[in-house]
Amino acid sequence: MANKKVIVGLSGGVDSSVAAYLLIQQGYDVEAMFMQNWHDTTGTLHGDCPWKDDLTIAKLVAKQLNIPFHFIDLSADYRKKVVDYMFSEYEKGRTPNPDVLCNREIKFDAFLKACEDLGADYVATGHYCRKDSIMVNGVETHRLLAGSDPNKDQSYFLCQLSQKQLSKALFPIGHLLKPEVRDIAKQLNLPTADKKDSQGICFVGKVDLPVFLQQQLKAKKGDIIELPKDYKPTSSVIARRNDEAISSLGEDNANLRLLRFARNDGNGDGLTQLALPYSFSPTNGKVIGQHNGAHFYTVGQRKGLGIGGHIESLFVVGIDVESNLVYVGEGHEHAALNRPALFIKNNETHWIRPNLQMNADDERDYLVRIRYRQPLQKAKLICRTEGIYIVFDEPQRGITPGQFAAWYDGEELVGSGVING
RNA sequence: UGACCUAUGGUGUAAUGGUAGCACAACAGAUUUUGGUUCUGUUUGUCUAGGUUCGAAUCCUGGUAGGUCAA
């Protein structure tokens, strides 16, 4: 029986190098392919062109491991599927996650197809996550599992993959800890052994985001409005709640009491209200400075406002690209920065496990994260025809439209969706 | 234009006449394959001109600027 053929996406980093080595050990027929997705240096810090170094190193690794090496230029796809999406999201005042898209559209789509054209059965990457397969009603079903290194788990970035994509994916280092991967690379004396971990947008590199975005989005001066410390969210059940009434409902958790209250809300739209982003108006606060364009900011952001004189740091609590306003609040605990719930539109939800997909009026408890490396949060998912509401046990700081919420059952990533608000 | 008050880094503030400190911002490094968060570190100041004093941010005088009350 011929060995299964795997093509590794060799990036020039340690993780994919070790992944390639492990696949060889496992007896696969291994080849390597380096993908170039970006060659523009506009807005790049240090202005150099790191991908050339990466390519050289990737070639060295392939040579040392004695595997065939391929090169592919996917920058046209990358620009269309990832960079254009970034710009359009920022333009709408949302904060996109390019790396999630990069995995869905490039590594496990365009790149995968190129590998299949070369006769590959699988594509492998150096992601810190794991995969296994179970039978569900006689159908083989793949599960996406967190990487064993709790510090490096990258399953979040793969939260938009489909069963089909997963069926072709291998993650050879997902069961290892980062130091173990480094050790293997050192023992093999791989040129990547001591290479620093990459950072920044996966192929673009570390950029000065405002500069990068200004290629497409015009700078436009506007007001920064500070909401007072005693700000109370308006136009939501939160404002209308009567604390005594809620506490008498008998739930021991404040957010779940809110949820009970929302459900009993006379207007029948309590849940919607609970998950609604706070809507701010200039009359809620006062102008304390100027910014260069509301779409360059993101909810939860602390740096880059350039306004001092406060006891605690200012955080962006909301942006309004229509009126070009940035709303800020002082301190982590500011009421406007913390919310009990969020909403994901029906057509922006994605289930890695189709058989676990929720239907209208289903409710389920999951562990949720709303950004990379955030500790998993207990939450209740409530499905309605319009989409999924996620009500957290604890209020969440910096719920950011455009980012992905990913829900887990233990270590398995079950589904994800774009945070609508 | 009459009286009174104030003037300290980029911002907000602290210092019985005795080494100008804190917070925020900014910058740098660490962490992080998104945005961003978090941690560590660094830089920057007594409005101006005189005077009193061993010694002035502090006391005195003039100037300048801002504010409050006065029509």
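Here is how names work: the chains are called A, B, and so on, in the same order as the sequence lines, proteins then strands, and each is numbered from 1.
- By the 4.0 Å N-to-carboxylate-O rule, A:K195 lies too far from A:D53 to be salt-bridged with it.
- RNA chain B is contacted by no residue of residues 318-325 of chain A, taking any non-hydrogen atom closer than 4.0 Å.
- With respect to A:E116 and A:K164, no salt bridge is recorded, no charged nitrogen being found less than 4.0 Å from a carboxylate O.
- By the ring pair (Phe, Tyr, Trp, His ring centres under 6.0 Å) test, A:Y389 is found to be paired with A:F343, residues two or more places apart in sequence or in another chain being considered.
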Determine, step by step, whether A:F111 and A:F34 satisfy the ring pair (Phe, Tyr, Trp, His ring centres under 6.0 Å) criterion, reporting the C-alpha distance in whole Å, the side-chain angles of both residues, the deciding distance to 0.1 Å, and the verdict.
-> CA-CA 10 Å; A:F111 180 76; A:F34 180 93; 9.8 Å; no
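- Distances from the side chain of A:N103 to the nucleotides B:C24, B:U33, B:A23 place B:U33 closest.
- Judged purely by distance below 3.5 Å, without hydrogens or angles, the side chains of A:Y128 and A:D15 pair a donor atom with an acceptor atom.
- Under 4.0 angstrom from either OP1 or OP2 of B:U33 there lies no side-chain N or O belonging to A:K107.
- Electrostatic pairing of A:D117 and A:K113 does not count as a salt bridge here, judged by no charged N lying under 4.0 Å from a carboxylate O.
- Under the 4.0 Å criterion applied to side-chain N and carboxylate O atoms, A:K178 and A:D197 are assigned as salt-bridge partners.
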5' to 3', nucleotides 34-39 of chain B under a 4.0 Å protein heavy-atom cut-off (B base, S sugar-phosphate only, - none) gives BBSSS-
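- Remark: the A:S75 side chain and the A:Q36 side chain contain no N/O donor-acceptor pair separated by less than 3.5 Å.
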